[in-house]
Structure formats: C-alpha cells, structure tokens
Amino acid sequence: MKTKPLGELCDVRDGTHASPQYVENGFYLLTSKNFSSGKVSYEGARKISKHDYDEINKRSKVDMGDIVMPMIGTIGSPVFITEEPDYAIKNVALIKRNTQPVCMNYIHAFLSSPLFEKAVKVSKRGGTQKFVSLGDLRNLQVPLPPLDEQKRIAAILDQADALRRLRQGSIDRLNQLGQAIFYEMFGDPVTNPMGWATKSLIQSCHCSSGGTPSKSNDEFWKGSLPWFSPKDLKANDLFDSQDHINENVLQKTTINLLPANTVVIVVRGMILAHTFPVSTIKIPATINQDIKALLPREPLEPQFLAACLRAEANFALQQVSESAHGTKRLDSDGLGKIPILIPPLPLQQEFTRRVEVIEKQKSSFYSSLAELDKLFSSLQHLAFQGEL
C-alpha cells in the first residue's frame with residue numbers, strides 16, 4: 001500500500017507553548033494528560049481568560065471533527081472530536097482536515113492503531129518522559145488506499161470498537177451493582193442510619209505512603225515489580241500498573257512492598273478537584289507518594305473497605321485542601337474526618353461473598369473484552385497492511 005506523510009494529508013499543528021495566567025472562571029486549557037485515556041477529560045484542568053483563549057485559538061483552534069493527540073507522556077491516544085469543543089490546548093497535537101481527499105475517521109483509526117506506535121518516532125525527555133515532535137508527526141507515513149476504501153476500513157473498525165465499548169459498559173454496570181448492594185446492606189456511611197460502630201479512617205487503618213525511585217538511576221526502572229501512581233487508579237480492581245521498577249529498589253530505598261488485596265486511595269493531585277479514586281491492588285505491588293495504602297487496624301474486609309470509601313466519595317472531596325502551589329491534597333486532618341463503618345465481620349464477609357459473585361461475572365466479561373481487543377488489534381493490522 002502506498003503511503004503519504006500525515007502533514008500532506010492533514011493540517012498538523014500543536015497547541016500553545018506559553019504559560020497563560022490561570023483564572024477561576026474562564027475557558028479550559030487542556031494538556032496531554034487530559035487526553036491520555038483516549039477521551040476528553042476535564043479532571044485537573046485549569047482555566048484561562050477569554051483573551052488568552054482567543055490568542056491561542058488564532059493558531060490552534062479545535063473544531064468539530066478535528067483529531068487531538070497527546071504529545072507528551074502517553075503517546076498514541078488520539079481523540080476524534082464529535083462535539084463542539086470549548087477549550088484550548090497545550091502540549092497537544094491538533095490534526096485538521098485540509099483540501100486533500102481523505103477520510104478523517106480513517107486517519108483517526110490509523111493513529112489509534114499499534115502500527116502508529118511502531119511508525120512514529122518517540123523520544124524521551126529527562127530520561128523517562130516520552131514525547132513526540134510536531135515535525136515527526138508531520139513526517140509520519142500513513143498507508144493510503146483510495147478514499148472509498150478508507151471509508152470502508154473506518155466503518156469496519158468502528159463497528160468492532162463499538163462491541164468493545166458495549167462490553168466495557170457491561171463491566172461498568174456490574175461495578176455499580178456492587179455499590180448498590182453496599183447501600184442496601186449498610187446504608188450511607190456518612191449519615192450512618194443503621195447506627196453501626198464507626199472510627200475515622202486514620203483510626204481504623206494505618207495509612208502507608210509510597211515513594212518514587214530516583215529517575216536518574218535507570219536500573220531502578222528496569223524490572224517487573226508494579227509501581228502504581230494516580231494515573232493507574234481508573235478501575236476498582238488493579239492487576240498491573242503502567243510503570244514498573246526493579247525489585248532491588250525495596251532494599252535500596254524506603255519504598256515498601258504491599259500485599260495483594262490492599263486498598264489504596266489518591267491523596268494528592270489535581271484529580272481530587274473532581275474525583276476520589278479508590279482501588280484494590282490485587283497483586284503485591286508498590287505505590288508512589290501521591291497514594292496512600294490502607295492497612296486495617298480493625299477487622300475490615302478489603303471489598304467492604306473499598307466500597308465504604310466509594311460510598312462517601314463526595315464527603316471525602318469536601319475534606320480536600322489546597323497547597324500553596326495550588327495542588328489538591330487530602331492531609332491527615334482530612335483523612336481523620338472520613339468515617340469508616342465497622343459492622344460485624346460476618347456481615348462484611350457476606351457482602352464480600354455477594355461481590356465475589358459479581359466479580360466472577362466481571363471476570364467472564366473481562367475475558368470476553370480481552371478477546372474483542374485481540375480481534376480489534378488483528379483487524380487493525382490487516383487494515384493498514386492492505387489485507388482487510
């Protein structure tokens with residue numbers, strides 16, 4: 001299949017490089033991290049004035065139908081914009097339609113594929129942070145069949161991706177079911193209408209901090225030991241992290257190995273402006289300093305403890321304070337105000353039993369999702385090799 005540079009097929013730009021003044025009320029300035037999950041997320045985003053918004057948009061205005069892509073950190077998670085956006089961008093590539101006869105859905109599908117990850121030149125800044133330059137994106141060679149074929153390929157891949165989204169939606173609904181069972185059995189942990197015994201989070205659990213191995217020591221980052229940071233806490237149960245460290249780190253630093261089934265929460269970061277992430281790490285692992293591991297002092301089942309914390313997420317966010325630099329945090333005072341229900345252990349175990357039934361169903365769905373992911377990956381490979 002013949003190829004053409006992306007810069008010939010589309011208008012490829014990037015967002016602002018400046019640091020505009022942030023305001024309380026204004027327009028969102030989204031950076032690479034707001035697109036790293038494959039969707040637009042306003043979590044942790046700062047706001048800028050209309051003047052700065054207009055200045056940025058003179059060069060890089062995001063319009064409906066454009067593609068945006070992180071240029072720093074998680075490379076290769078583009079977003080196809082389907083609604084009129086109301087934000088400006090920084091450290092984000094903006095790919096717009098030009099006069100070339102090209103299907104933007106096809107371009108999006110290629111940029112979402114493993115072939116893109118192999119073809120684009122990714123560099124590292126500061127030893128670990130990945131980035132891609134605007135020039136390398138413009139020079140990226142895109143397989144280019146005729147326009148009708150582009151549309152056919154994009155439609156097939158979109159249908160396959162829709163099946164994956166449906167399966168993920170089923171998993172999300174099962175997560176909601178587990179939380180509904182918690183409310184039925186124990187009520188709201190903040191108002192505690194059933195009168196259970198309670199203790200604060202720091203009384204009922206030892207809140208253990210993590211750490212970050214030195215970035216200057218490459219050997220620390222060559223290993224298979226999971227190292228979780230806030231960007232990993234996007235699911236109830238975690239089985240692996242994006243980053244891994246060498247097991248020797250445990251002997252050479254103060255970072256501790258946590259046992260499987262440890263409940264963890266985010267205690268520092270802009271995500272606490274909107275969300276209180278709670279997850280259970282299902283494998284022995286380590287964490288960074290923006291996370292607390294909760295090691296129970298009281299008889300608390302991990303599934304129960306995690307569900308209790310999720311049930312009072314809004315209350316926990318009310319305890320979040322702000323550092324002098326504007327970073328959101330849950331300090332000891334805030335953690336000390338979060339109540340933990342302590343019902344009889346047999347009742348907690350009954351809750352765990354019910355949740356485990358749901359977990360078995362989720363496991364089946366996850367297996368199905370994995371198969372759909374493999375099918376989708378295979379279709380992507382065939383599509384951009386001219387074999388679909």
Side-chain angles (χ1 to χ4, degrees), residues 21-37 39-48 73 87 175-176 179 182-183 186-192 198-212 228-236 238 241 258 262-281 287-297 300 302 304-342:
Q21 184 176 359
Y22 297 118
V23 298
E24 184 173 347
N25 296 306
F27 293 86
Y28 281 109
L29 178 65
L30 302 189
T31 64
S32 284
K33 64 184 179 181
N34 297 109
F35 300 96
S36 61
S37 63
K39 63 181 180 180
V40 180
S41 170
Y42 291 86
E43 289 183 358
R46 307 292 290 274
K47 292 183 177 180
I48 57 176
Y87 53 81
N175 285 332
Q176 295 169 5
Q179 211 55 38
F182 176 88
Y183 280 111
F186 305 105
D188 183 345
V190 176
T191 58
N192 192 14
T198 66
K199 285 190 176 182
S200 73
L201 180 57
I202 58 176
Q203 289 176 325
S204 58
C205 297
H206 171 63
C207 301
S208 178
S209 299
T212 300
F228 287 92
S229 59
K231 65 176 180 286
D232 293 301
L233 271 65
K234 297 175 181 176
N236 287 356
L238 304 178
S241 57
L258 300 171
T262 297
V263 178
V264 294
I265 59 174
V266 174
V267 294
R268 185 169 62 181
M270 293 309 297
I271 193 173
L272 291 173
H274 308 282
T275 306
F276 178 52
V278 180
S279 296
T280 302
I281 297 177
I287 57 175
N288 84 344
Q289 64 277 5
D290 297 331
I291 297 176
K292 292 282 190 187
L294 307 181
L295 307 175
R297 308 178 197 269
L300 292 169
F304 170 82
L305 175 60
C308 184
L309 288 165
R310 292 186 191 108
E312 50 190 347
N314 290 335
F315 180 80
L317 290 176
Q318 294 173 20
Q319 316 313 317
V320 171
S321 59
E322 191 170 291
S323 70
H325 301 290
T327 302
K328 302 294 183 181
R329 64 183 182 185
L330 254 177
D331 55 22
S332 296
D333 288 341
L335 294 173
K337 295 176 183 177
I338 298 175
I340 300 298
L341 303 181
I342 310 178

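Index from 1, following the sequence. Computed from heavy atoms alone, side chains included, the values below leave out hydrogens, waters and symmetry copies. Not measured: the values here are computed from a predicted model.
Put simply, CD on Gln318 and CD on Glu312 are 11.0 Å apart, with the number rounded to the nearest 0.5 Å.
Between Pro230 and Ile291, some side-chain heavy-atom pair lies under the 4.5 Å cut-off. Side-chain atoms of Leu272 and Pro277, non-hydrogen and from C-beta on, do get closer than 4.5 Å to each other. Residues Leu305 and Pro302 form no side-chain contact, since every pair of their non-hydrogen atoms from C-beta on lies 4.5 Å or further apart. Looking at Ile265 and Leu335, their side chains come closer than 4.5 Å, going by heavy atoms from C-beta outward.
The backbone N or O of Val278 lies less than 3.5 Å from a partner atom in the side chain of Arg310, making a donor-acceptor pair. Side chain of Gln319 to main chain of Leu330: no donor-acceptor pair is present (N/O by atom type, distance under 3.5 Å, no hydrogens or angles). With hydrogens and angles ignored, the 3.5 Å screen pairs a side-chain donor or acceptor of Gln179 with a backbone N or O of Ala307. Without hydrogens or angle criteria, Ser279 side chain to Ala235 main chain gives a donor-acceptor distance under 3.5 Å.
Aromatic ring orientation, Phe182 versus Phe304: tilted (interplanar angle from 30° to 60°).
Here the closest non-hydrogen pair linking Cys205 and Arg297 is O-NE, 3.4 Å.
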Please assess Thr31 against Lys33 for the test side chain to side chain donor-acceptor pair (under 3.5 Å), listing each intermediate value before the final yes or no.
CA-CA 5 Å; Thr31 64; Lys33 64 184 179 181; 5.0 Å; no
Show your working on side chain to side chain donor-acceptor pair (under 3.5 Å) between Lys292 and Ser208 and close with a plain yes or no.
CA-CA 5 Å; Lys292 292 282 190 187; Ser208 178; over 6 Å; no
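With sequence neighbours excluded, the residues that form a ring-ring contact (aromatic ring centres under 6.0 Å, His included) with Tyr42 are Tyr28.
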